[in-house]
2 protein chains.
Amino acid sequence: MKKTTKEQILDVALDLFSQKGYKGASIRMISSKVGIRESAIYNHFKNKEDILNTIVSTLSSSSLSLLSSNKPLEESAKKGKSFLREFAASFKLLAYDNKSEKFFRFMMIELMQNKKMRDIFMNDFHKAHLKILSQAFFIMMQEDMIYSSDPMLMAREFLSPLFFYRMQVTLVKIDKENSSIESTLFEKHIDFFWEMIVNNK
Amino acid sequence: MKKTTKEQILDVALDLFSQKGYKGASIRMISSKVGIRESAIYNHFKNKEDILNTIVSTLSSSSLSLLSSNKPLEESAKKGKSFLREFAASFKLLAYDNKSEKFFRFMMIELMQNKKMRDIFMNDFHKAHLKILSQAFFIMMQEDMIYSSDPMLMAREFLSPLFFYRMQVTLVKIDKENSSIESTLFEKHIDFFWEMIVNNK
DNA sequence: GTCTATACCCTGATAGAC
DNA sequence: GTCTATCAGGGTATAGAC
């Protein structure tokens, strides 16, 4: 199960992009890490941007969200806290998945510099999650499981700490420090948040 | 009240750093925007890194937190929701302050690439805020104003949406779209959060 | 598909005239 | 304090041999 040169180039490129950003990672470094000459890269990709586009289109959706939109949300949302636990678990999973983590790092570097990355962040990541969460909270409110409020507001308030904790896990792992403390933040968030919104009649 | 060349260099450098990052902003671009030759830069700064260090040491603390630590926290924390409102207002203020916004953008670009920036983020930004907030929540709990919980957990849960909303305001403003919707997120966060933790006996 | 060789541009930085 | 001139190094990319 050997990797083709093209796959190796993509792997190395993602690795370097996630450490140094798009501009900071040169064709020279990529090819040297793969073990070929610069010019050999151009047998597999038209140019540097072509490598970038391949990575982005391959990884953007899968690295930012594990949620498939065809799941029966109506049913799973009625599980209340368990639903939130599953949602957060998928977040945590991505924070500890190698490729997803690298893509997340890369996205964060490019976010303020690159319009395309901002669009990916806003649509594939933020809006996609908010939509699912707000629908789920709406259902929970209808079922009288939680206090009534603005479902979209509740979705934002639930999601933003998850994002922050994922970022924090990533940051801590860069400096190779133990991220076990940060890994518990996800669960604590669920407990705290659910305790706040649950309807204890 | 004309700006010295040195001040102009710093202004232009911050502007370009916030748009393209440290590597992406060249001495050539900085000098051309200031209206001098590349070599003239070196009469004011030893090298490119010297410009970076000057910006960081000048702006890091003031751009990340407006809170002076010598305020009497004991008293202000007892104001409860008003305290949180003031805290969030200072956050919002920085998101709309020109230099602070640029430094924030720059910090976000470098965060995943630069150990020094991570330290600044973790210490000057994150830990500093968590310390104040956890102390404030602890006092509020003692005063029976809010439900009893882990003050540090509460601080994190309160702070992380603020960070996220500040980032979102910055992102929206880059693409010159109207950020008025995002600007209301701070107040909504306070209302939602306070409603959740307040002790209504 | 990979190599050598090469073209050409941009980078940070220095020397020395004014 | 600013200029011109210049440098070495690294950047993307192409041509052509094997």
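A note on names: the letters A, B, ... follow the listed sequences, proteins ahead of strands, and every chain is numbered from 1. Computed from a predicted structure; not experimentally measured.
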For residues 72-79 of chain A, which side-chain donor-acceptor pairs fall under 3.5 Å, sequence neighbours excluded?
| from | atom 1 | to | atom 2 | distance (Å) |
| --- | --- | --- | --- | --- |
| A/Ser76 | OG | A/Pro72 | O | 3.3 |
| A/Ser76 | OG | A/Leu73 | O | 3.3 |
| A/Lys79 | NZ | A/Glu86 | OE2 | 2.8 |

Quickly work out the B/Phe45 CZ to C/dG12 P distance and round it to whole Å. 15 Å
May I have all residue pairs that pass ring pair (Phe, Tyr, Trp, His ring centres under 6.0 Å) and include part of residues 22-57 of chain A, sequence neighbours excluded? A/Phe17-A/Tyr22
B/Phe164-B/His189 aromatic ring centre distance below 6.0 Å: no
For A/Glu195, side chain to side chain donor-acceptor pair (under 3.5 Å) partners two or more places apart: none
Round to a whole Å and report the spacing from CD1 of B/Ile41 to C1' of C/dT14. 15 Å
A quick test of your reading: do over 12 heavy atoms of other residues, nucleotides or ligands sit less than 6.0 Å from NZ of A/Lys20? no
Of residues 5-12 of chain A, the positions that come close to DNA chain C - non-hydrogen atoms, cut-off under 4.0 Å: A/Thr5
Give the rounded distance in Å between these two atoms: CG of B/Leu16 and C1' of C/dC10. 16 Å
Nearest-Å distance, CZ (A/Arg37) to P (D/dG11)? 15 Å
B/Asn123: side chain to side chain donor-acceptor pair (under 3.5 Å) partners, not counting sequence neighbours: none
Which nucleotide in the set C/dC3, D/dG11, C/dG1 lies at the smallest distance from any side-chain heavy atom of A/Ser26? D/dG11
A/Val34 and A/Val12: which non-hydrogen atoms are nearest, and at how many Å? CG2-CG2, 3.7 Å
Between P of C/dT11 and CE of B/Met29, the distance in whole Å: 7 Å
Check the pair A/Ser183, A/Gln168 against side chain to side chain contact (heavy atoms under 4.5 Å, CB included), reporting the backbone distance first and the verdict last. CA-CA 9 Å; A/Ser183 82; A/Gln168 226 185 319; over 6 Å; no
Please give, in whole Å, the distance from C/dC10 C1' to B/Ile30 CD1? 14 Å
For nucleotides 13-18 of chain D, give me one character per nucleotide, 5' to 3': B if any protein heavy atom sits under 4.0 Å from the base, S if the only such contacts are to the sugar-phosphate, - if neither. BBB---
